[in-house]
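Report on the structure given below.
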Amino acid sequence: MKHQHTPLNHQQLCPNLTFYDLYPPATDMLAEVSQSLSAPAPSLHPKYFYDEAGSALFDRITRTPEYYPTRTETSLLTAYAEEIRARLNQPQTIAEPGAGSCEKVRLLLDAWQPRHYMPLEISRECLLGASRQLAQDFPDVHISAVCADYCQAMAMPQALAQPGRVVFFPGSTIGNFEPAARGEFLKGLRTLAGPGGALLIGADLQKPDTRLNAAYNDAEGLTAAFNMNALHHLNRELGCQFDTDNMQHVAFYNTARQRIEMHLECLSDQHIHLGERTLTLKSGTRIHTENSYKFTVESFSAELVAAGFTPLSCWTDPQNLFSLHLAQV
Ligand code: AVJ
C-alpha cells in the first residue's frame with residue numbers, strides 16, 4: 001500500500017485512549033539559550049531543569065522533609081476531593097495542562113470517577129507513556145491525550161470540544177509565571193475550561209523566610225543538584241562546556257517581590273560554547289534560573305477574579321503552608 005503523507009493527528013491507541021497530536025513546534029534551543037545567557041542579566045528558562053535526570057531529582061525533592069508543597073497539596077486533595085466533587089456537581093471531564101507523568105490526577109480519578117480525562121503535555125514520549133499506563137489502570141475513564149504546548153492548547157481539536165471541563169493545575173506551577181504573564185495564562189485556563197467549567201489550582205503561600213529558604217536549600221543538596229542539572233542538560237544537548245564544579249546553587253526568598261529566586265553563580269570565569277561562538281561569563285555572574293512566586297489566599301483569589309473566574313472555595317492546611325483554590329468560569 002502507498003505511504004500516506006497526510007499527517008495522522010489522532011490515533012486510537014487502546015479502547016479508552018485517543019492520542020491527539022497538535023505537533024508542538026520545536027523550539028530552537030541554541031538560539032533561545034544564546035539569547036538568554038547573553039542578556040545583561042543572564043537567565044535560563046526553568047523548563048531546562050526537566051530532562052530525565054531533572055525530573056527524577058524533582059521527584060526526590062518532593063519527598064525531602066524541607067519541601068512541604070507537594071505533600072501538603074496532596075493532603076488537601078485527599079481530604080477535600082469529595083467536597084470538591086459535590087461543589088462541582090459530579091464533574092465529568094478533567095483537563096490538565098502540563099500533565100507530565102499524570103500522577104496527581106489519579107487521586108481525583110479515584111475519587112470522582114469522571115468519564116473523561118484530558119492531559120495536555122508537550123513531551124510526546126512522556127505523554128504516551130503516562131497516558132497508556134493510566135488507560136490500563138482506569139478502564140472506565142476515556143483519556144484524550146493531547147500533545148501540545150499548553151500555550152497552544154486553546155486551539156483544541158473540534159472532537160475535544162466538550163464544554164464544562166474542570167481544569168486541574170496543581171503544584172503551584174502558576175508561581176513560575178511572572179505577574180504580568182500570569183493573568184494572561186489564567187485567562188487561557190478559563191478558555192480551556194470553557195463555559196460552565198471550573199479551575200482547581202494549587203498556589204504556594206507566603207510564610208516566614210526561614211521556612212521558604214529551607215525548602216529551596218534542602219540539607220541533602222537535591223535542590224542544588226536539580227538547579228545545576230540545567231547546566232548538565234545544556235552541556236549534553238548543546239556542548240556548552242559549563243564547568244559545573246565552579247558553579248554554585250543560590251536560592252533565597254526575595255521578600256519585596258514575594259518570590260523564591262534560584263540562580264547559578266559562576267565561581268570562576270566560564271567560557272561557554274554556544275554553537276560557533278564563545279561567551280564568557282565572569283566569575284561572580286549569576287544566571288537566574290527560576291522564580292517561584294508565593295501568594296496569599298486573598299491575593300491569589302483577586303488574580304482569579306481579574307482573569308474572569310468566580311472563586312468558589314479555598315482550602316488551606318492548618319499551618320497555612322499551601323492553598324487549593326476552586327473557581328468557576
Ligand atoms: C514545580 C515550579 C512548583 O517552584 O517549588 C522546586 C520547582 N524548584 N524546587 C517550585 C522547584 C526548586 C517548583 N515548581
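Order of appearance sets the numbers: ligands from 1, and atoms from 1 within every ligand. Remember, predicted model here, so these are calculated numbers, not experimental data.
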Could you tell me whether some N/O pair between Ser292 and ligand 1 is separated by less than 3.5 angstrom?
yes
N/O of Lys294 under 3.5 Å from N/O of ligand 1, yes or no?
no
Show which atoms of ligand 1 fall inside a sub-4.0 Å distance from at least one heavy-atom site of [X].
{"X": "Tyr67", "result": "3 (C), 5 (O), 6 (C), 9 (N), 10 (C), 13 (C)"}
{"X": "Tyr216", "result": "4 (O), 5 (O), 6 (C), 8 (N), 9 (N), 10 (C), 12 (C)"}
{"X": "Asn176", "result": "2 (C)"}
{"X": "Ser172", "result": "3 (C)"}
{"X": "Tyr50", "result": "1 (C), 7 (C)"}
{"X": "Glu290", "result": "2 (C), 4 (O), 7 (C), 8 (N), 11 (C), 12 (C)"}
{"X": "Gly171", "result": "3 (C)"}

What distance separates Tyr23 OH from Arg124 CZ, expressed to the nearest 0.5 Å?
7.0 Å
Does the side chain of Asn227 pick up a donor-acceptor pair with the side chain of Thr289 at under 3.5 Å?
yes
Does a side chain donor of either Thr280 or His271 reach within less than 3.5 Å of an acceptor in the other side chain?
yes
Arg60 backbone acceptor or donor facing Thr64 side chain under 3.5 Å
no
Residue pair Gln319 / Arg211, side-chain heavy-atom distance below 4.5 Å:
yes
Check against salt bridge (Lys or Arg N to Asp or Glu O under 4.0 Å), Lys104 and Glu73:
CA-CA 10 Å; Lys104 281 184 187 166; Glu73 183 181 56; 3.1 Å; yes
side-chain contact (heavy atoms from CB on, under 4.5 Å) evaluation trace for Val297 with His325:
CA-CA 8 Å; Val297 166; His325 292 251; 4.3 Å; yes
